[in-house]
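Here is the structure we will look at, set down as structure tokens.
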Protein chains: 2
Amino acid sequence: MTKLQREILSVVKDSNDHLTADEVYQKVKKTMPTVALGSVYRNLNQFARDSLIRRVVRPQGPDIYESNMAPHNHLVCVHCLRMKDFEINGLEDYIRDHSSSPIISVNLTVNSICPKCEAALNKKNNKH
Amino acid sequence: MTKLQREILSVVKDSNDHLTADEVYQKVKKTMPTVALGSVYRNLNQFARDSLIRRVVRPQGPDIYESNMAPHNHLVCVHCLRMKDFEINGLEDYIRDHSSSPIISVNLTVNSICPKCEAALNKKNNKH
DNA sequence: TTCCATGCAAACAATTTGCAGCAGT
DNA sequence: ACTGCTGCAAATTGTTTGCATGGAA
């Protein structure tokens, strides 16, 4: 593994957040200023292929990369678009039990509204 | 509603399949040869905003538009990438019951392998 | 010297947008 | 004449790819 690869991987691993390729690029650039965005993409995708990290496609905005490899789902705030991991107990089994098709994997995102945005909206509504 | 809008809408409605913007464009072009792809996008998106149709974002390839507005999920064949509607009974309730966040909507795609591709793969494997 | 990862830039795919002109009212 | 939808083309966004090169083994 090269220096750049170690750097990229540790940026993703160290962040409990979900990072876009560009965010990873910005962080890596702090220690390796000559890094190219293309190289970041190349390595992130390679890591994802090797199952070291996971690439998550979002309906809006760029894809994000995350280090949490355990099967889990994503809660997306419809207001700020921020994403949070969450897990639903036995979901995959539930789906398996209610489907006749052979299931390889499931991909679930739940649209929700995060506490912060909800509070902000409530405040706004109470004002007038 | 304009002629083009009626045409686009009926193309989506008449197809039980899922169509990409370009596929809709190709179909509309048969009756209205001067139509522009941009106009197709504009109208499809407007219809989606008005909840006349639904736009579905796929991890790979272009978005698709579908007329089935009932809450349902998608089965994606990992081999041919074709998509099929399917419904899981009580899924949203299950998730609601197992989650503490306010749930607006649920988006589930299941990776699977369709009968056709499975048959083809079996045949191939048996050959040698 | 060999080889592969890199930086760089160009290509690419999907989609959106600005704008002038035309159609319908 | 006014309005707004359309065609067209250019711009945008996110991502991938080809290629020459430079650094590590």
Side-chain angles (χ1 to χ4, degrees), chain A residues 1-12 15 17-50 52-66 74 76 80-83 107 109, chain B residues 1-12 15 17-50 52-66 74 76 80-83 107 109:
Chain A
M1 229 190 231
T2 66
K3 193 177 182 177
L4 176 60
Q5 285 166 347
R6 267 191 304 273
E7 192 65 28
I8 290 173
L9 194 54
S10 83
V11 163
V12 177
S15 163
D17 222 347
H18 308 85
L19 299 178
T20 64
D22 193 69
E23 284 165 350
V24 174
Y25 169 61
Q26 297 302 335
K27 294 206 180 208
V28 171
K29 217 162 42 164
K30 284 182 184 155
T31 49
M32 305 179 66
T34 65
V35 67
L37 181 56
S39 302
V40 172
Y41 270 105
R42 236 186 316 239
N43 285 311
L44 284 173
N45 291 338
Q46 189 54 55
F47 293 150
R49 257 175 260 128
D50 296 345
L52 294 176
I53 62 175
R54 179 177 297 156
R55 176 177 184 168
V56 181
V57 176
R58 291 182 304 169
Q60 65 284 87
D63 297 355
I64 55 97
Y65 299 84
E66 64 177 12
H74 292 114
V76 180
C80 65
L81 299 185
R82 243 182 286 273
M83 214 164 96
N107 195 302
T109 65
Chain B
M1 230 191 231
T2 66
K3 194 177 181 176
L4 175 60
Q5 285 166 349
R6 268 192 303 274
E7 192 66 28
I8 290 174
L9 194 52
S10 83
V11 162
V12 178
S15 162
D17 222 346
H18 308 84
L19 300 177
T20 65
D22 193 69
E23 283 164 350
V24 174
Y25 170 61
Q26 298 301 335
K27 294 206 178 204
V28 171
K29 216 160 47 163
K30 284 182 184 154
T31 48
M32 305 179 66
T34 64
V35 67
L37 180 57
S39 301
V40 173
Y41 269 106
R42 235 183 321 237
N43 285 311
L44 285 173
N45 291 338
Q46 190 54 54
F47 292 150
R49 257 175 260 126
D50 297 345
L52 295 175
I53 62 175
R54 179 178 295 155
R55 176 176 183 168
V56 181
V57 176
R58 291 181 305 170
Q60 65 284 85
D63 297 355
I64 56 97
Y65 298 84
E66 65 177 11
H74 292 115
V76 179
C80 65
L81 298 186
R82 243 181 286 271
M83 213 164 94
N107 196 303
T109 65

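These figures come from a predicted structure and were not determined experimentally.
Residue B/T2 places at least one side-chain N or O closer than 4.0 Å to OP1 or OP2 of D/dT6. OP1 and OP2 of D/dC5 both lie 4.0 Å or more from every side-chain N or O belonging to B/N43. Distances shown here put every side-chain N or O of B/N45 at or beyond 4.0 Å from the OP1 or OP2 atom of C/dT15.
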Only pairs under 3.5 Å count here: list side-chain donor-acceptor contacts from residues 29-42 of chain A, not counting sequence neighbours, and write none if there are none.
unit_1, atom_1, unit_2, atom_2, d
A/T31, OG1, A/E7, OE2, 3.1
A/T31, OG1, A/V28, O, 3.2

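Rounded to whole Å, the distance from CE on A/M32 to P on C/dC8 is 12 Å. What separates CG of A/L19 from P of D/dT15 is a distance of 13 Å, to the nearest Å. Rounding to whole angstrom units, CZ of residue A/R6 and P of D/dA24 are separated by 11 Å. Atom C1' of nucleotide C/dT6 and atom CG of A/L44 are separated by 15 Å, given to the nearest angstrom. Rounded to whole Å, atom P of C/dA13 lies 17 Å from atom CG of A/D63. Straight-line distance from the CD atom of A/Q46 to the P atom of C/dC4: 13 Å, rounded to whole Å. The distance between atom CE of B/M1 and atom P of C/dT25, rounded to the nearest whole Å, is 15 Å. Counting to the nearest Å, the P atom of C/dA5 and the CD atom of A/Q5 are 7 Å from each other.
Residue B/L44 holds its CG atom at 11.0 Å from CG of B/L52, rounded to the nearest 0.5 Å. The OG atom of A/S15 sits 5.5 Å away from atom NZ of A/K27, with the distance rounded to the nearest 0.5 Å. A distance of 14.0 Å separates CD1 in A/I64 from CG in A/D22, rounded to the nearest 0.5 Å.
Minimum interatomic distance between A/P62 and A/T20 (heavy atoms only, all atoms of both residues): CG-CG2, 3.8 Å.
None of A/I8, A/V56, A/N45 except one satisfies the side-chain contact (heavy atoms from CB on, under 4.5 Å) rule with A/Y65; the exception is A/N45.
At a non-hydrogen distance threshold of 4.0 Å, A/T34, A/V35, A/A36, A/S39, A/R42 from residues 33-42 of chain A come into contact with DNA chain C.
Among pairs with a residue in residues 55-66 of chain B, those fulfilling salt bridge (charged side-chain N to carboxylate O under 4.0 Å, His left out) read B/R54-B/E66, B/R55-B/D63, at least two apart in sequence or across chains.
Applying the side chain to side chain contact (heavy atoms under 4.5 Å, CB included) rule to B/R6 yields the partners B/M1, B/K3; only residues at least two apart in sequence or on another chain are considered. Applying the side chain to side chain donor-acceptor pair (under 3.5 Å) rule to A/T2 yields the partners A/Q5; only residues at least two apart in sequence or on another chain are considered.
The residue B/R55 sits close only to the backbone: its heavy atoms come under 4.0 Å of sugar-phosphate atoms, none of a base. Across all strands, B/D22 comes closer than 4.0 Å to no nucleic acid atom at all (heavy-atom distances).
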Quiz item: Just the dot-bracket of DNA chain C, please: which string comes out with Watson-Crick or G-U pairs under 3.5 Å, [ ] for crossing, | for another strand?
Solution: |||||||||||||||||||||||||
